[in-house]
Amino acid sequence: MIAIIGNGNVASHLHTALKDKTEVVLVNSRTLEGLPENPDIVLISVSDNAIEEVAQRLPKTDAIVAHTSGSTPMTILKEDKIGVFYPLQTFTKGVELNYSEIPVFIEGSSPTVVEKLKELAQLFSNDVREADSESRRKLHLASVFACNFTNALAGISEEILKDSGIDFSVILPLMRQTLNKLGKLSPKEAQTGPAVRGDTVVMDKHLDMLESKPEFQHIYKQFSKIIKDRNNGL
């Protein structure tokens with residue numbers, strides 16, 4: 001029996017990924033309602049700042065207790081058998097995922113715990129690896145740049161297009177091709193645009209267009225500098 005404690009996106013998707021593969025229940029994180037008496041594994045899937053508080057409210061158990069955070073150390077948990085079960089993906093309720101493609105990173109307090117968590121992850125994922133706390137922290141940081149910041153930049157694109165009455169959907173093929181290239185080339189090899197070309201005429205025109213949005217101007221300048229510095233010589 002697998003108990004997933006949480007009410008959010010990650011908990012919901014983990015439940016969906018596992019429900020046809022093993023016996024699994026969702027447990028309310030505030031009340032612990034639905035927590036089975038003798039689970040085999042308890043996954044605490046709540047916000048990072050709530051993990052310790054939820055763990056402290058758990059009744060004494062022989063189960064493996066693991067959290068799903070990328071940036072929180074395993075040692076925040078105080079049970080005898082502890083671990084981390086970190087799926088590297090962006091989760092939104094109602095958005096379907098190919099669970100087999102999601103890398104899952106495992107850490108455990110013993111080889112037995114590691115093996116049990118790996119077996120659980122392998123029920124849905126074809127990419128299961130071990131990673132200690134420091135490696136996971138770097139994975140999470142890299143993910144923020146690759147996912148969260150990319151989405152925020154897409155939001156800026158949407159706002160710029162909206163001002164001209166253009167639907168954001170026209171940008172999606174461009175974004176898809178950008179990701180497709182990264183399956184074949186390194187980010188440096190795939191980089192295009194005025195900054196990598198050193199085209200200051202185009203960049204100055206873009207900055208003029210952003211005059212009424214100084215925060216966007218700042219982002220444009222910073223990213224253009226990063227691209228230029230990191231691709232010097234291309």
Carefully, step by step, assess Val196 and Lys228 under the rule side-chain contact (heavy atoms from CB on, under 4.5 Å).
-> CA-CA 5 Å; Val196 75; Lys228 181 181 177 183; over 6 Å; no

Summary of ring pair (Phe, Tyr, Trp, His ring centres under 6.0 Å) pairs that have at least one residue in residues 145-166, sequence neighbours excluded = Phe145-Phe149

Which residue pairs pass the ring pair (Phe, Tyr, Trp, His ring centres under 6.0 Å) test when at least one of the two sits in residues 25-75, sequence neighbours left out?
-> none

Check for a donor-acceptor pair, side chain of [X] on one end and backbone N or O of [Y] on the other, with a separation under 3.5 Å.
{"X": "Asn151", "Y": "Cys147", "result": "no"}
{"X": "Thr150", "Y": "Ala146", "result": "yes"}
{"X": "Lys78", "Y": "Thr75", "result": "yes"}
{"X": "Thr22", "Y": "Leu18", "result": "no"}

Would you indicate whether the side-chain heavy atoms of [Y] and [X] approach each other to under 4.5 Å?
{"X": "Asn126", "Y": "Ile102", "value": "no"}
{"X": "Ser186", "Y": "Glu189", "value": "yes"}
{"X": "Arg129", "Y": "Val104", "value": "no"}
{"X": "Phe105", "Y": "Val128", "value": "no"}
{"X": "Val202", "Y": "Lys205", "value": "no"}
{"X": "Pro59", "Y": "Leu35", "value": "yes"}

Listed pairs under 3.5 Å, donor-acceptor, residues 164-184 side chains, sequence neighbours left out:
residue	atom	partner	partner atom	Å
Asp167	OD2	Ser169	N	2.9
Asp167	OD2	Ser169	OG	2.6
Thr178	OG1	Leu174	O	2.9
Asn180	ND2	Arg176	O	3.3
Lys181	NZ	Ala190	O	3.0

Could you walk me through whether Leu210 and Ile160 pass the side-chain contact (heavy atoms from CB on, under 4.5 Å) test, one step at a time?
-> CA-CA 9 Å; Leu210 294 172; Ile160 290 169; 4.1 Å; yes

Considering only NZ, NE, NH1 and NH2 on the basic side and carboxylate oxygens on the acidic side, decide whether Arg136 and Asp132 come within less than 4.0 Å.
-> no

With sequence neighbours left out, write down each residue that passes side chain to side chain contact (heavy atoms under 4.5 Å, CB included) with Ile219, or none if nothing qualifies.
-> Leu153, Ile156, Phe223

Qualifying residues under side chain to side chain contact (heavy atoms under 4.5 Å, CB included), relative to Asn98, sequence neighbours excluded | Ser100, Glu101

For Arg197, check side chain to side chain donor-acceptor pair (under 3.5 Å) against everything at least two apart and list the hits.
-> none

Please tabulate, for side-chain N and O atoms in residues 80-94, each donor-acceptor pair with protein atoms closer than 3.5 Å (sequence neighbours left out).
residue	atom	partner	partner atom	Å
Lys81	NZ	Asp62	O	2.5
Lys93	NZ	Asn7	O	2.8

Following the transitive rule for hydrophobic clusters with a side-chain heavy-atom cut-off under 4.5 Å over Ile, Leu, Val, Met, Phe, Trp and Tyr, establish whether [X] and [Y] coincide in one cluster.
{"X": "Met74", "Y": "Leu14", "answer": "no"}
{"X": "Leu139", "Y": "Val10", "answer": "no"}
{"X": "Ile106", "Y": "Val65", "answer": "no"}

Checking side-chain hydrogen bond (donor to acceptor under 3.5 Å, both in side chains) for the pair Ser47/Asn49: CA distance, chi angles, key distance, verdict?
-> CA-CA 6 Å; Ser47 61; Asn49 59 6; 2.8 Å; yes

Minimal non-hydrogen separation, [X] against [Y], with atom names:
{"X": "Val25", "Y": "Gly34", "result": "CG2-O, 4.0 Å"}
{"X": "Ser135", "Y": "Ala131", "result": "CB-CB, 4.1 Å"}
{"X": "Ala195", "Y": "Ile227", "result": "CB-CG2, 3.8 Å"}
{"X": "Pro36", "Y": "Val27", "result": "CD-CG2, 4.5 Å"}

Please report, to 0.1 Å, the donor-acceptor pairs under 3.5 Å made by any side chain of residues 111-120, with sequence neighbours excluded.
residue	atom	partner	partner atom	Å
Lys118	NZ	Glu130	OE2	3.0

Once rounded to the nearest 0.5 Å, what's the spacing between atom [atom1] of [X] and atom [atom2] of [Y]?
{"X": "Ile51", "Y": "Thr72", "atom1": "CD1", "atom2": "OG1", "value": "4.0 Å"}
{"X": "Gln56", "Y": "Glu79", "atom1": "CD", "atom2": "CD", "value": "10.5 Å"}
{"X": "His15", "Y": "Ser12", "atom1": "NE2", "atom2": "OG", "value": "8.5 Å"}
{"X": "Gln191", "Y": "Arg230", "atom1": "CD", "atom2": "CZ", "value": "9.5 Å"}
{"X": "Lys225", "Y": "Asp229", "atom1": "NZ", "atom2": "CG", "value": "4.0 Å"}
{"X": "Ile2", "Y": "Leu26", "atom1": "CD1", "atom2": "CG", "value": "12.5 Å"}

Do other residues, nucleotides or ligands put more than 12 heavy atoms under 6.0 Å from the CD atom of Glu37?
-> no

Glu134, CD: over 12 other non-hydrogen atoms inside 6.0 angstrom = yes

Hey, could you give me each pair passing salt bridge (Lys or Arg N to Asp or Glu O under 4.0 Å) that has a residue in residues 142-166? Not counting sequence neighbours.
-> Glu159-Lys213

Could you name each residue pair satisfying salt bridge (Lys or Arg N to Asp or Glu O under 4.0 Å) that touches residues 5-33, not counting sequence neighbours?
-> none

Which donor-acceptor pairs under 3.5 Å do side chains of residues 38-46 form with protein atoms, sequence neighbours excluded?
residue	atom	partner	partner atom	Å
Asp40	OD2	Met1	N	2.4
Ser45	OG	Ala11	N	3.3
Ser45	OG	Thr68	OG1	3.3

Which residues, ordered by chain and number, are linked to Val201 in its hydrophobic cluster, where ILVMFWY side chains connect at heavy-atom gaps below 4.5 Å, directly or through other members?
->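 Its cluster partners, ordered by chain and number, are none at all.
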
I would like to know whether Ser143 and Asn148 meet side-chain hydrogen bond (donor to acceptor under 3.5 Å, both in side chains); could you show each step before the answer?
-> CA-CA 7 Å; Ser143 300; Asn148 304 140; over 6 Å; no

